[in-house]
Amino acid sequence: MIQTDVVIVGAGPCGLFQVFELGLLGLKAEVVDSIRQAGGQCIELYPDKPIYDIPGIPVCTGEELVERLMKQIEPFECGMHLGEEVTEVEPEGDTFIVKTSAGTTFQSKAVVIAGGVGSFQPRPLRAAGVDEFPACVHYRIKDPGRFEDRNVVILGGGDSALDWVLELVGIARRVALVHRRDAYRAVDASVATMREFVRAGRMDLFENAKVTKLEGRNGVLESVIVTDKDGKSTSVVAEHALVFFGLAPKLGPIANWGLDINRKTINVDAERFETSTPGIYAVGDINQYPGKKKLILCGFHEAALAAFAIKQRLEPGKKVHLQYTTTSPIMHERLGVHPEDDE
Ligand code: FAD
């Protein structure tokens, strides 16, 4: 069991900045996110789009903002647990026992929920028979070796779908790509290579088409029916279907933690950003209070005030002093800076 001051649920921009604000007050954090990369919406939804309203940074992309935040929190050496969903948060005495889908357990003195619009989950394939072949329909690939010399159908038109096409042509017996449009949301070079493979007869391509049915026996997939926009159906031999329809947010387990929830958001007070359960705080897009705006800079402010509230909770009766980073001993110690050297 990992002991810590604070578990932060969500590694979006607000969860990451929460690490910094807690670190400034000498508090150690562990961050958990269900996706495999830190950055939340900035990375999942708009890594290449410009953001113009981060104070002091006239413009940066979603990805650049996350890189900068990761650099900014480096000195505080938080634990980062990616690809794990927080499933349970249970009070135990003055602490909380926090459990994840990967079996990690934390005991923490406080919890900050920075869950944004929820945990990102793969969008499921909806087609007749899909529930009969759970072992043959894949949304995440852990072991590409299992597709060696198998017939594989890949669904989607984004980078993940195209990356797996390029990886599996030559490894799988046959690859077919099925995309509901003929334009792709993937790197141009990947699309060009894929089209080259099709021209060379190394794979099959179905554009403006959908998989409408899965067929097989005893849970073993044998083929899929691909239907184009004119209603024409083709049977394609496939032992595995790899589905990359993108990720959709779901409030998920947070809804079961006994908090005061208001239409997929958590009610907090606007002074401490504490939820209806003392010791559990919520910052960023997931919280709700009068005047709430779902903006990154608002989430940063919330993270600063939540950190002070947590410090006060952990050290009752002691005044929590405001520290400017310019003169903060913790900051200097963590960055290895000796201000007297500049004098
Ligand atoms: P998120 O970024 O949503 O991150 C939450 C994280 O929590 C996710 O990674 C999720 O997987 C994780 N999570 C949830 N539940 C669990 C769980 N149970 N266990 C583990 N992990 C969990 N804002 C601006 O200020 N300026 C802009 O210009 C701007 N442009 C935008 C453009 C687009 C296209 C979009 C979609 C949004 C934009 N926003 C912008 C909004 C901004 O991205 C959000 O306000 C911000 O991402 C919220 O950050 P967050 O950390 O609260 O949540």
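Just follow the structure's listing: the first ligand is 1, and inside any ligand the first atom is 1.
Atoms of ligand 1 found under 4.0 Å from any heavy atom of G284 (numbered from 1 in listed order, with element): 52 (O). Each of the following atoms of ligand 1 lies closer than 4.0 Å to a heavy atom of G10: 6 (C), 7 (O), 12 (C). Counting the atoms of ligand 1 from 1 in the order shown, those under 4.0 Å from a heavy atom of V117 are 3 (O). Each of the atoms 26 (N), 27 (C), 28 (O) of ligand 1 lies under 4.0 Å from some heavy atom of I51.
The side-chain heavy atoms of L27 and L314, taken from C-beta on, include a pair separated by under 4.5 Å.
The protein atom (non-hydrogen) at minimum distance from atom 8 (C) of ligand 1 is D33 OD2, 3.4 Å. The nearest heavy-atom contact from the protein to atom 51 (O) of ligand 1 is C14 N, 3.0 Å.
Between D53 and ligand 1, a contact under 3.5 Å exists for at least one N or O pair. Considering backbone and side-chain atoms alike, K49 places every N or O at 3.5 Å or more from each N or O of ligand 1. Residue contacts with ligand 1: Y52 is placed with no nitrogen or oxygen under 3.5 Å of a nitrogen or oxygen of the ligand (distance criterion only). The N/O atoms of P253, backbone and side chain alike, include none that comes under 3.5 Å of an N/O atom in ligand 1.
In A114, the part holding a heavy atom less than 4.0 Å from any atom of ligand 1 is the backbone. Contacts between L45 and ligand 1, counted as non-hydrogen atom pairs separated by less than 4.0 Å, involve the side chain only. Contact annotation: for I254 versus ligand 1, heavy atoms closer than 4.0 Å belong to the side chain alone. With a 4.0 Å heavy-atom cut-off, ligand 1 is reached by the backbone of K294 but not by any atom from C-beta on. For E44, no heavy-atom contact with ligand 1 is shorter than 4.0 Å. Counting heavy atoms closer than 4.0 Å to ligand 1, residue V9 contributes side-chain atoms (C-beta onward) but none from N, CA, C or O.
Compare F17, Y46, W257 by their heavy atoms: the one nearest to atom 35 (C) of ligand 1 is in Y46. In the candidate list G12, G116, G299, G118, G118 is nearest to atom 10 (C) of ligand 1, counting heavy atoms. Nearest-residue assignment for atom 19 (N) of ligand 1 (options V89, V86, V283; heavy-atom criterion): V86. Distances from atom 48 (C) of ligand 1 to the heavy atoms of N287, L297, D285 show the closest one on D285.
In this pair, H138 and H240 present their aromatic rings tilted. The plane angle is within the 30 to 60° band. Ring geometry for F17 versus F300: interplanar angle of 30 to 60°, hence tilted.
Remark: F273 CZ to I310 CD1 distance equals 11.5 Å, nearest 0.5 Å. Atom-to-atom distance recorded for D163:CG and I141:CD1 is 11.5 Å, nearest 0.5 angstrom.
The shortest separation from a heavy atom of I286 to ligand 1 is not under 4.0 Å, leaving the residue out of contact. Contact between G252 and ligand 1 is absent, with no heavy atom of the residue lying under 4.0 Å from the ligand.
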